[in-house]
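First the structure, in the form of structure tokens, and then the observations on it.
All values reported here derive from a predicted model rather than from experimental measurement.
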Amino acid sequence: MYTINHNTETNILEVKNTENTVFGKIHLNEGASLQELTLGGNAIIQDLAPLTYDSTFASSILFPFANRIKDGKYSFNNEDFQLEKNQEEEQNALHGFVYNKTFKVIAKEASADNAKITVEYNENIRNDGFPYTYTIVVTYIFTNDGLDLSVSVRNTDAKPFPFTLGWHPYFISDNLAKSSLNFDCDQQLIIGDRNITTGSETVNSMIHLDIEKKQLDDCWGLNSDKVAFNTPKYQLNFQSSGTKNYLQAYTPPRLNTIAIEPTTGVSNSFNNKIGLQTLDPNEKYSIVWKINIINN
């Protein structure tokens, strides 16, 4: 049996099952981010201390753009816009606007087989850099060996707006040097100064990436929605309902930790248009990211 507990003082949701093989912790005041996750008895997402949330964006939902916008500047429909440059060292806009917003619970259901939580954020204030309103709904479904994360965005404004969408989870391996990533890609993005995409090169191949001692901050365009993260203890399989998928991998300054980020676009997408989409008034865009764990 699953249970869902909402601590109203901290505004944190905790999910667990009676077998203690599943545990999840959702921080509603930090963009409804999933700060801890255990599946099949394996802790795969943990608190990243001493790293802080505002420096890692751990498990945050990235909207209306994933990754960076160079100098925070872009043009859309013949208008120029200036986003807040919230990454001081690079002078870029980073990871959108909802990572630090407070979501409210609109539905939750616990049963013998799973726990389902739906949360929502409504943006009613138009800022200068992104003068549009929208509603974002996030649903988590926990099962013994998997997690479904559904994100739906509705344009509640009178004008269309540009967007990409992403998720920024960090996963734990007992030994990252003996872990690997497997995926099928058609391009690798070329990342220049200040981590800005400057182009791409065709690769068209199945990639088996042994992480070993690599310092990753790389992005690929995928042929398939499937990505596998293999560790000595478990294999984690990703799937996406998106029609065009990108994968960002990043190794932070923390032992045995890696960010594996599914996105619909790349850095500076508002300018280079790679993965960029437009959402018309009252239209909705939805995507589901699934992860499934297999014990090794």
With heavy-atom distances below 4.5 Å as the criterion, would you say the side chains of [X] and [Y] are in contact?
{"X": "F142", "Y": "N17", "result": "no"}
{"X": "I172", "Y": "I44", "result": "no"}
{"X": "R154", "Y": "L279", "result": "no"}
{"X": "I61", "Y": "L149", "result": "yes"}
{"X": "P262", "Y": "P169", "result": "yes"}
{"X": "N155", "Y": "V153", "result": "no"}
{"X": "D225", "Y": "S241", "result": "no"}
{"X": "L34", "Y": "H27", "result": "no"}

Parallel, tilted or perpendicular, as decided by the 30° and 60° cut-offs, for the rings of F97 and F130
tilted
For [Y], does its backbone N or O pair with a side-chain atom of [X] as donor and acceptor, under 3.5 Å?
{"X": "Y285", "Y": "Q277", "value": "no"}
{"X": "T164", "Y": "A66", "value": "yes"}
{"X": "S205", "Y": "I207", "value": "no"}
{"X": "H168", "Y": "S59", "value": "no"}
{"X": "T156", "Y": "T133", "value": "yes"}
{"X": "S75", "Y": "N78", "value": "no"}
{"X": "R254", "Y": "L51", "value": "no"}
{"X": "T251", "Y": "L216", "value": "yes"}

Write out all pairs satisfying salt bridge (charged side-chain N to carboxylate O under 4.0 Å, His left out) with one or both partners inside [range], taking only residues at least two apart or from two chains.
{"range": "residues 72-98", "answer": "R68-E90"}
{"range": "residues 181-199", "answer": "D71-R194, D186-K244"}
{"range": "residues 121-140", "answer": "R126-D157"}
{"range": "residues 273-296", "answer": "D148-K290"}

Please lay out, stage by stage, how Y134 and F163 fare under the test ring pair (Phe, Tyr, Trp, His ring centres under 6.0 Å).
CA-CA 11 Å; Y134 52 87; F163 77 97; over 10 Å; no
Who passes ring pair (Phe, Tyr, Trp, His ring centres under 6.0 Å) against F238, sequence neighbours left out?
F171
K16 atom NZ, neighbour heavy-atom count above 12 within 6.0 Å:
no
Does K214 NZ have over 12 foreign heavy atoms under 6.0 Å away?
yes
Starting from [X] and following side-chain heavy-atom contacts under 4.5 Å between hydrophobic residues (I, L, V, M, F, W, Y), which residues can be reached?
{"X": "Y246", "result": "L189, I191, V266, I274"}
{"X": "F57", "result": "Y53, L94, Y99"}
{"X": "I190", "result": "none"}

Residue pairs involving residues 253-277 (criterion ring-ring contact (aromatic ring centres under 6.0 Å, His included); sequence neighbours excluded):
F65-F270, Y74-F270
ring-ring contact (aromatic ring centres under 6.0 Å, His included): which pairs involve residues 199-227, sequence neighbours left out?
F183-W220
Test W289 against L165 for side-chain contact (heavy atoms from CB on, under 4.5 Å), laying out the working first.
CA-CA 11 Å; W289 291 301; L165 192 61; 4.1 Å; yes
Short side-chain donor-acceptor distance under 3.5 Å, [Y] and [X]:
{"X": "D54", "Y": "T52", "value": "yes"}
{"X": "Q235", "Y": "N237", "value": "yes"}
{"X": "N122", "Y": "T135", "value": "yes"}
{"X": "T197", "Y": "S267", "value": "yes"}
{"X": "S179", "Y": "T231", "value": "no"}

Taken to the nearest 0.5 Å, the spacing of K108 NZ from T118 OG1 works out to 12.0 Å
Sequence-distant partners of T3, side-chain hydrogen bond (donor to acceptor under 3.5 Å, both in side chains), two or more places apart
none
According to a 4.5 Å side-chain heavy-atom criterion applied to Ile, Leu, Val, Met, Phe, Trp and Tyr, with indirect links allowed, do [X] and [Y] form part of one hydrophobic cluster?
{"X": "L247", "Y": "I196", "value": "no"}
{"X": "Y2", "Y": "I45", "value": "yes"}
{"X": "V98", "Y": "V288", "value": "no"}
{"X": "L28", "Y": "V137", "value": "no"}

Residues two or more places apart in sequence or in another chain: which of them pass salt bridge (charged side-chain N to carboxylate O under 4.0 Å, His left out) with E36?
K25
